[in-house]
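Computed over heavy atoms, backbone and side chain alike; hydrogens, waters and symmetry mates excluded.
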Amino acid sequence: MTGQPRRLRRCQLAVPGSSDKMMAKAAGMEVDHIFLDLEDAVAPAAKVPARAQIINALNTLDFGRSVRCVRINDLDTHYAYEDIISVVEGAGANLDTILVPKVKSACDVRFVDRLLTQIETKMGLQRRIGIEVLIEEAEAIMRVEEIAGASDRLEALIFGMGDYSASQGIDPRAISGDSGYPGDIWHYARYKMIVAAKTFGLDAVDGPFVNFRDGDWFRTECVRALQLGAAGKWAIHPSQVEIAQDVFSPSQVEVDRAYKAVSAYRQAQEQGLGAIQVDGQMVDVATVRLVQRIIDRAELAGMKPSVGI
């Protein structure tokens with residue numbers, strides 16, 4: 001089980017680490033999680049200079065309550081180890097998590113964990129930096145259980161359907177809209193990753209939807225991920241943030257019903273009852289376990305029951 005703090009991840013906003021303007025704009029947004037990118041969003045010639053830009057952003061911008069994350073380059077590149085060293089030594093006190101792309105095995109996670117431990121010890125950092133990993137290769141789906149259990153720094157597994165499509169040979173139209181597949185083309189991979197995440201107490205986050213002008217289909221993809229137990233979804237454009245945070249937040253009606261059911265069940269237990277009915281619905285120990293998930297999500301988002309519930 002993860003030893004890291006619980007964080008809101010209803011939406012993870014991608015921001016190029018080579019753009020001071022975009023990082024400043026993101027810092028002023030009300031979004032759960034912001035990752036400053038050194039990988040796909042940054043051209044090769046700009047990757048090294050972008051490290052200094054990210055360090056400056058982390059040290060000077062007020063990101064409010066947003067989780068502050070940096071996505072490093074692929075561990076198979078020559079950029080990755082210096083990405084970690086430079087960013088953590090330069091701004092580790094203002095960094096919450098490192099996002100590792102294209103993880104293929106537990107060894108990848110352990111490498112990052114060990115390097116972080118060495119830097120934190122050297123720098124005397126008081127707060128452990130968490131790890132998030134992208135599950136975006138066929139090998140990663142095959143080994144997702146061992147990846148999920150690789151480190152107690154691990155906080156989240158994220159499904160990267162773009163690179164996963166390339167790895168498996170999936171129709172590329174699926175990452176931007178309805179490909180015509182009869183059902184959810186990502187169902188197996190999403191489901192398997194989310195099961196692994198839940199087994200080890202991690203958040204599961206659904207990956208990007210590239211057609212940011214199609215808000216309706218983006219919402220559909222958010223709902224599909226939510227129904228399988230995901231905590232949130234990536235946004236590649238600010239217009240997607242509100243949709244994701246809305247879908248992955250329980251409604252006030254759901255929150256009130258959950259609190260009412262738990263309260264009624266506790267009272268019933270004091271009377272020696274094992275199952276009761278609340279508003280025409282049976283409530284027993286299994287029901288309470290289900291609705292407790294709604295309460296947990298509500299508390300993390302700062303939602304409270306209505307007066308009198």
Side-chain angles (χ1 to χ4, degrees), residues 7-74 77-80 82-102 129-132 134 136 156 158 160-163 175-176 205-215 217-219 221-222 232-248:
R7 310 186 200 270
L8 267 177
R9 289 186 171 89
R10 295 170 300 179
C11 183
Q12 295 189 325
L13 177 63
V15 183
S18 55
S19 173
D20 297 328
K21 179 181 178 180
M22 290 185 181
M23 289 191 286
K25 180 179 179 180
M29 296 179 63
E30 293 187 6
V31 56
D32 293 345
H33 182 293
I34 296 168
F35 73 88
L36 308 179
D37 195 15
L38 284 168
E39 197 207 15
D40 290 348
V42 179
K47 288 185 183 294
V48 173
R51 293 173 187 153
Q53 291 175 266
I54 286 175
I55 291 167
N56 180 65
L58 289 171
N59 288 338
T60 62
L61 297 176
D62 182 1
F63 287 88
R65 294 181 296 176
S66 300
V67 176
R68 299 157 298 177
C69 175
V70 173
R71 177 166 70 165
I72 64 170
N73 284 283
D74 178 359
T77 71
H78 66 278
Y79 299 107
E82 287 188 324
D83 287 345
I84 299 172
I85 294 170
S86 297
V87 171
V88 177
E89 288 192 349
N94 297 312
L95 179 65
D96 296 310
T97 63
I98 289 284
L99 175 54
V100 188
K102 298 181 177 64
I129 294 168
I131 297 175
E132 306 179 34
L134 271 161
E136 52 185 345
I158 302 152
M161 59 273 289
D163 278 293
I175 65 173
S176 59
V205 178
D206 200 38
F209 180 73
V210 301
N211 185 4
F212 58 82
R213 292 184 175 86
D214 190 346
W217 196 261
F218 178 72
R219 182 177 289 273
E221 289 289 280
C222 287
K233 188 168 178 65
W234 266 20
I236 62 165
H237 190 273
S239 64
Q240 296 178 325
V241 171
E242 185 177 353
I243 296 172
Q245 295 194 167
D246 175 59
V247 171
F248 288 96

Item checked: For Phe35 against Ala14, the heavy-atom pair lying closest together -> CZ-CB, 3.2 Å
Check: Just by modelled atom types, is the Thr77 backbone N or O under 3.5 Å from a matching donor or acceptor in the Asn73 side chain?
Finding: no
Checklist line | Stepwise side chain to side chain contact (heavy atoms under 4.5 Å, CB included) check, Phe63 with Asn94 | finding: CA-CA 10 Å; Phe63 287 88; Asn94 297 312; over 6 Å; no
Checklist line | Side-chain heavy-atom pair Pro44, Tyr79 within 4.5 angstrom cut-off | finding: yes
Next item on the list: Answer with yes or no whether the side chains of Gln245 and Glu30 bring together a donor and an acceptor at under 3.5 Å.
Entry: no
Note to self: With rounding to the nearest 0.5 angstrom, report the CZ to CZ distance, Arg65 to Arg7.
What the structure shows: 15.0 Å
Next item on the list: Verify side chain to side chain contact (heavy atoms under 4.5 Å, CB included) between Cys11 and Phe248, making sure each step is shown before the conclusion.
Entry: CA-CA 8 Å; Cys11 183; Phe248 288 96; over 6 Å; no
Check: Got a donor-acceptor contact below 3.5 angstrom from the Ser66 side chain to the Val31 backbone?
Finding: yes
Notebook entry, point to check: If you round to the nearest 0.5 Å, how far is CG of Asn56 from CG of Leu61?
Noted result: 7.0 Å
Checklist line | Sub-4.5 Å side-chain heavy-atom contact between Arg68 and Leu36 | finding: no
Notebook entry, point to check: Which heavy atom of Ser19 sits nearest a heavy atom of Gln53, and at what distance?
Noted result: N-NE2, 4.1 Å
Note to self: Checking Arg9 against Asp32 for the salt bridge (Lys or Arg N to Asp or Glu O under 4.0 Å) test, could you report, in this order, the C-alpha distance in whole Å, the side-chain angles of both residues, the deciding distance, and whether it holds?
What the structure shows: CA-CA 6 Å; Arg9 289 186 171 89; Asp32 293 345; over 6 Å; no
Next item on the list: Under the side chain to side chain contact (heavy atoms under 4.5 Å, CB included) rule, what do Leu134 and Leu99 come out as? Steps first, then yes or no, please.
Entry: CA-CA 7 Å; Leu134 271 161; Leu99 175 54; 4.2 Å; yes
Check: With side chains defined as the heavy atoms from C-beta onward, is the minimum distance between Ile243 and Gln240 less than 4.5 Å?
Finding: no
Item checked: Nearest-0.5 Å distance that lies between atom OG1 in Thr97 and atom CD in Glu132 -> 3.5 Å
Next item on the list: Check each of Leu13, Asp206, Ile158 against Trp234 using the side chain to side chain contact (heavy atoms under 4.5 Å, CB included) test, and report the only one that passes.
Entry: Ile158
Checklist line | Separation of Ile34 CD1 from Met22 CE (nearest 0.5 Å) | finding: 13.5 Å
Check: In Å and rounded to the nearest 0.5 Å, what is the OG to CD1 distance from Ser18 to Ile54?
Finding: 8.0 Å
Check: Considering all heavy atoms of both residues, which atom of Val15 and which atom of Ala26 are nearest to each other, and what is their separation?
Finding: CG2-CB, 3.6 Å
Checklist line | Shortest non-hydrogen contact between Ile236 and Pro208, atoms and distance | finding: CG2-CB, 3.6 Å
Check: Does Val70 reach the side chain of Leu58, with side-chain heavy atoms less than 4.5 Å apart?
Finding: yes
Note to self: Between Asp40 and Arg71, is there a side-chain heavy-atom distance shorter than 4.5 Å?
What the structure shows: yes
Next item on the list: For the pair Lys233 (side chain) and Val205 (backbone), establish whether a donor and an acceptor sit closer than 3.5 Å, ignoring hydrogens and angles.
Entry: no
Check: Do Gln12 side-chain atoms and His33 backbone N/O form a donor-acceptor pair below 3.5 Å?
Finding: no
Next item on the list: Describe, in one word, how the ring planes of His237 and Phe212 are oriented to each other, choosing from parallel (under 30°), tilted (30 to 60°) and perpendicular (over 60°).
Entry: parallel
Item checked: Shortest non-hydrogen separation from Gly90 to Ile55 and the atoms involved -> O-CG2, 3.6 Å
Check: To the nearest 0.5 Å, how far apart are CG in Asp37 and CE in Met23?
Finding: 10.5 Å
Note to self: Which heavy atom of Pro238 sits nearest to which heavy atom of Met29, and what is that distance?
What the structure shows: CB-CE, 3.8 Å
Notebook entry, point to check: Do NZ/NE/NH1/NH2 and the carboxylate oxygens of Asp83 and Lys47 come within less than 4.0 Å?
Noted result: no
